[in-house]
Amino acid sequence: MPALQPVRGTRDILPEEMLRHRHVEQTAFEIAARYGFAEISTPILEFTEVFSRTLGDTSDIVTKEMYAFEDRSGDSITLRPECTAGVARAVLSNGLAQHLPLKFFCRGPMFRYERPQKGRQRQFHQVDVEVLGVAQPMADVEIIALGAHILEALGVSEKITLELNTLGDGESRDAYRKILVEYLAEHRDRLSDDSLTRLERNPLRIFDSKDEGDRAVVAGAPLLTDSLNGASREFFDALCEGLQAAGIAYRLNPHLVRGLDYYCHTAFEFTTEALGAQGAVLAGGRYDGLMEQMGGPPTPATGWAAGVERLAMLIEDPAPTVRPIAVVPVGDGPHHGAFGVAQRLRRAGFAVEMGFSGNLAKRMKRANKINARATVLLGEDELARDAATVRDMDTGEQSDVPLASLETHLARYR
RNA sequence: GUGGCUGUAGCUCAGUUGGUUAGAGCACCAGAUUGUGGAUCUGGGGGUCGGGGGUUCAAUUCCCCUCAGCCACCCCA
């Protein structure tokens with residue numbers, strides 16, 4: 001354990017930053033609720049197979065990014081790298097496949113063993129929505145609309161564009177893979193080393209490459225959209241029409257692919273230029289095959305996840321929290337009486353901070369520092385006649401208020 | 001995992017061609033002001049110069065290793 005440092009890629013979220021996180025999560029949660037999403041929480045730990053079976057043996061997450069370890073009983077356990085597999089598992093574990101369709105909202109920490117960068121930590125947080133049991137593209141339209149709605153509510157829409165693509169169904173993708181591999185093999189000599197291994201494992205991801213040689217090759221490559229079968233074409237058209245009808249602007253990006261094996265049809269990413277290389281802020285797609293892969297019944301599903309840290313970096317400072325009322329005993333005598341008053345006000349719904357150390361000037365300083373809206377001063381003489389001196393901290397005005405009407409008097413400062 | 005940049009007080013940063021007790025601003029604490037905050041003035045605390053090793057009479061400064069952050073790749077939220 002070297003020094004007093006947090007583990008690499010993890011960090012403490014101090015109150016100021018926590019407010020931003022909270023704002024992102026609460027906004028997402030509240031708007032998702034309006035769309036009928038119910039919050040669930042699944043364990044941070046899952047058996048490793050939950051992820052390795054579903055994300056694909058060739059995905060980066062499984063091959064190099066999983067926080068996996070053996071527990072005391074010898075089981076292989078993994079800190080969840082994403083939400084979807086856990087939610088799907090929960091649906092099967094709880095027999096919820098009987099109750100489709102389901103709409104879930106989920107939030108919490110995720111873990112990926114990556115090299116940290118700004119906007120990319122080993123422990124990070126996501127908010128996540130999943131729709132299970134709906135095969136129609138309207139489900140995709142709805143979750144994309146929800147995503148756009150949340151980003152708008154967070155005030156970050158102008159910095160973000162929606163990119164959209166289709167991966168087609170299995171048949172379309174198999175057909176395309178053949179054509180693509182043939183084409184790429186012809187240009188093998190111009191591909192980067194990275195892309196040569198991609199060619200073996202997951203040729204679609206060559207489209208992601210930033211290598212110039214790769215890009216040149218990819219520019220002339222056949223497109224998946226040209227290999228779509230009728231059903232896939234129809235699905236994608238319906239999705240695009242649905243988005244247009246909903247007034248959601250998007251940019252078709254035929255090169256947009258997904259790193260995880262379970263995706264099909266819809267693939268989308270809300271991205272920003274403002275965060276450097278970590279531009280994806282909310283992304284997802286359709287995963288019709290996942291539940292079956294996990295051993296459950298074939299179940300169509302679609303969903304997305306959004307990065308809380310990334311969004312927290314984009315938003316303006318959230319509205320300031322309520323300004324408290326400071327209760328200040330004068331001298332050391334009235335502490336108990338003052339505390340009684342503070343408790344009364346707290347029960348009445350006021351945010352109350354009490355200062356009782358140092359001389360009066362010190363206590364006032366403290367009241368000022370916590371940005372108190374008003375200070376309730378309680379000295380021996382005030383308490384003796386059941387009254388308080390209330391000071392408006394903005395105007396400096398003071399008034400003598402009977403304790404009986406304190407709540408009424410302070411109501412203006414809520 | 002690969003390549004590069006950076007690391008001095010809580011924060012932002014000075015500093016040293018290697019040389020006594022490493023500085024500033026902000027923040028913090030105390031006093032001026034023991035029944036009144038915000039301004040001002042005065043004083044104070046706080047540093048293993050990221051960590052370890054090496055070279056040297058002497059290292060914050062030069063060299064090596066290591067840790068962390070940042071940038072790009074990889075990948076993704």
Side-chain angles (χ1 to χ4, degrees), chain A residues 1-11 14 24 28 55 58-65 81-84 107-128 147 192-195 197-198 202 205-206 208-212 214 256-260 269-272 275-284 303-314 326 328-334 355 357-372 374-382 389-398:
Chain A
M1 188 174 59
L4 258 24
Q5 275 179 166
V7 171
R8 183 172 205 198
T10 70
R11 44 205 292 273
L14 272 17
V24 169
L55 303 185
T58 64
S59 73
D60 275 40
I61 288 188
V62 170
T63 54
K64 58 177 209 194
E65 292 175 7
E82 55 113 45
C83 228
T84 306
R107 60 178 137 186
M110 307 293 158
F111 304 83
R112 291 182 199 174
Y113 194 88
E114 297 186 275
R115 185 114 167 220
Q117 234 172 281
K118 192 207 288 259
R120 187 220 246 178
Q121 285 90 42
R122 288 184 175 182
Q123 175 177 345
F124 60 103
H125 298 78
Q126 289 185 336
V127 292
D128 173 280
S192 66
D193 290 348
D194 275 339
S195 285
T197 58
R198 289 184 182 112
N202 191 344
R205 262 189 285 145
I206 294 181
D208 265 345
S209 177
K210 288 174 187 168
D211 180 86
E212 271 188 43
D214 292 347
L256 177 67
V257 292
R258 303 271 71 192
L260 307 181
E269 259 177 38
F270 287 87
T271 62
T272 180
L275 296 178
Q278 270 63 52
V281 112
L282 186 158
W304 54 248
V308 174
E309 281 82 357
R310 290 181 186 181
L311 286 170
M313 284 190 281
L314 290 181
V328 172
V330 179
D332 293 332
S357 64
N359 57 29
L360 185 57
K362 206 96 287 177
R363 296 176 194 186
M364 291 303 291
K365 251 181 202 176
R366 181 167 165 72
N368 186 58
K369 186 160 183 182
I370 61 174
N371 196 26
T375 298
V376 177
L377 289 149
L378 295 159
E380 302 283 7
D381 44 313
E382 277 99 341
T389 300
V390 175
R391 182 181 178 87
D392 183 312
M393 294 299 277
D394 288 348
T395 66
E397 260 173 72
Q398 293 195 172

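Chain letters run A, B, ... following the sequence lines, proteins first and then strands; every chain starts at 1.
Across all strands shown, A:Gly333 has no heavy atoms under 4.0 Å from either base or sugar-phosphate atoms. Note on A:Glu309: nothing from the nucleic acid sits closer than 4.0 angstrom, heavy atoms only. In this structure, A:Ala367 reaches neither bases nor backbone, as no heavy-atom distance under 4.0 Å exists between it and the strands shown. A:Gly331 comes within 4.0 angstrom of no nucleic acid atom, judged by non-hydrogen atoms across all strands. Contact annotation for A:Val330: base contact, defined as any heavy-atom pair under 4.0 Å involving a base atom. Within the 4.0 angstrom heavy-atom criterion, no nucleotide atom of any strand lies near A:Gly284. Residue contacts shown for A:Arg391 include a base, since a base heavy atom lies under 4.0 Å away. Across all strands shown, A:Met393 has heavy atoms under 4.0 Å from base atoms, whether or not it also approaches the sugar-phosphate. If you check every strand for non-hydrogen atoms under 4.0 Å, A:Leu311 touches nothing. At a threshold of 4.0 angstrom between heavy atoms, the contacts of A:Glu114 include nucleobase atoms, whether or not backbone atoms are also involved.
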Q | Stepwise side-chain contact (heavy atoms from CB on, under 4.5 Å) check, A:Val127 with A:Trp304 | A | CA-CA 9 Å; A:Val127 292; A:Trp304 54 248; 4.2 Å; yes

**Q.** Pair A:Glu269-A:Leu256, side-chain contact (heavy atoms from CB on, under 4.5 Å): steps then yes or no
**A.** CA-CA 8 Å; A:Glu269 259 177 38; A:Leu256 177 67; 3.5 Å; yes

Q: Walk me through it: do A:Phe124 and A:Arg310 pass the test side-chain contact (heavy atoms from CB on, under 4.5 Å)?
A: CA-CA 9 Å; A:Phe124 60 103; A:Arg310 290 181 186 181; over 6 Å; no

Q: Show your reasoning for whether side-chain contact (heavy atoms from CB on, under 4.5 Å) applies to A:Arg198 and A:Asp214.
A: CA-CA 11 Å; A:Arg198 289 184 182 112; A:Asp214 292 347; 4.1 Å; yes

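For the residue pair A:Gln121 and A:Gln117, the shortest heavy atom distance occurs at NE2-O, 3.9 Å. Nearest heavy atom pair, residue A:Leu378 against residue A:Glu382, reads C-OE1, 4.1 Å. Closest approach of A:Lys118 and A:Gln278 over heavy atoms only: O-OE1, 3.5 Å. Between A:Ala367 and A:Ala326, the closest heavy-atom pair is CB-CB, 3.6 Å. Nearest heavy atom pair, residue A:Gly119 against residue A:Met313, reads CA-CE, 3.6 Å. Here the shortest heavy-atom pairing between A:Gln398 and A:Leu377 reads OE1-CD1, 4.1 Å.
Spacing of P atoms, B:rG1 relative to B:rU60, comes out at 31 Å, to the nearest Å. Here the separation of B:rG10 from B:rG45, taken at their P atoms, is 15 Å to the nearest Å. Going from the P atom of B:rU12 to that of B:rA59 covers 29 Å, rounded to whole Å. On the P atoms, B:rA14 is 33 Å away from B:rC57, given to the nearest whole Å. Taking the P atom of each, B:rC26 and B:rC64 are spaced 39 Å apart, rounded to whole Å. One P atom belongs to B:rC13, the other to B:rU17, and the distance between them is 23 Å to the nearest Å. Here, B:rG54 and B:rG15 have their P atoms 30 Å apart, quoted to the whole Å. The same atom, P, is picked in B:rG69 and in B:rG31; the two are 41 Å apart, to the nearest Å.
In this structure, of B:rA77, B:rU36, B:rC74, it is B:rA77 that holds the atom nearest to the side chain of A:Ala305. Distances from the side chain of A:Arg115 to the nucleotides B:rA77, B:rG1, B:rG38 place B:rG1 closest. Taking every side-chain heavy atom of A:Gln117 into account, B:rC74 is the closest of B:rC74, B:rG3, B:rC76. Side-chain atoms of A:Arg8 lie closest to B:rA68 of the nucleotides B:rA68, B:rU34, B:rG1. Picking from B:rC74, B:rG4, B:rG38 the nucleotide with the shortest atom distance to the side chain of A:Asn368 gives B:rG38. Of the candidates B:rC75, B:rC74, B:rG69, B:rG69 carries the atom nearest the A:Pro116 side chain, counting heavy atoms from C-beta on. Relative to the side chain of A:Ser209, the nucleotides B:rC76, B:rC74, B:rG37 differ in distance, and B:rC74 lies closest. Listed candidates were B:rG37, B:rC74, B:rA72. Nearest to the side chain of A:Arg198 is B:rC74.
As rounded to whole Å, 13 Å separates atom P of B:rG50 from atom CD of A:Gln5. A straight line from NZ of A:Lys365 to P of B:rU36 spans 13 Å, rounded to a whole angstrom. In this structure, A:Arg205 places its CZ atom 6 Å from P of B:rC76, rounding to the nearest Å. Taking atom CE of A:Met110 as the reference point, atom P of B:rA77 lies 11 Å away to the nearest angstrom. The nearest whole Å value for the distance from the CG atom in A:Asp211 to the C1' atom in B:rC74 is 12 Å. What separates OH of A:Tyr113 from C1' of B:rC75 is a distance of 16 Å, to the nearest Å. We find that CG of A:Leu377 is positioned 11 Å from P of B:rG37, with the value rounded to whole Å. We find that CG of A:Asp394 is positioned 16 Å from C1' of B:rU36, with the value rounded to whole Å.
Dashed line: the shortest gap from a side-chain N or O of A:Lys118 to OP1 or OP2 of B:rC70 is not under 4.0 Å.
Panel note: side chain A:Glu309, backbone A:His125; a donor-acceptor pair is recorded below 3.5 Å. At least one donor-acceptor pair under 3.5 Å links the side chain of A:Arg120 to the backbone N or O of A:Arg115.
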Report all interatomic pairs (protein N or O, nucleotide N or O of nucleotides 25-30 of chain B) with separations under 3.5 Å.
{"residue": "B:rC28", "atom": "OP1", "partner": "A:Lys369", "partner atom": "NZ", "Å": "2.7"}
{"residue": "B:rA30", "atom": "OP2", "partner": "A:Lys362", "partner atom": "NZ", "Å": "3.3"}

Q: Any chance you could encode RNA chain B as dot-bracket? Rule is Watson-Crick or G-U wobble with both distances under 3.5 Å; [ ] for pairs crossing earlier ones, | for another strand.
A: (((((((..((((.....[...)))).(((((.......))))).....(((((..]....))))))))))))....

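Where A:Gly276 and A:Gly307 each meet RNA chain B at their nearest nucleotide, the meeting point lying more 5' is that of A:Gly276. Comparing A:Gly119 and A:Glu380 against RNA chain B, the residue whose closest nucleotide sits nearer the 5' end is A:Glu380.
If you check distances only, the side chain of A:Arg120 never reaches the base of B:rC70 with a donor-acceptor pair under 3.5 Å.
A donor-acceptor contact closer than 3.5 angstrom is absent between the side chains of A:Asp211 and A:Ser192.
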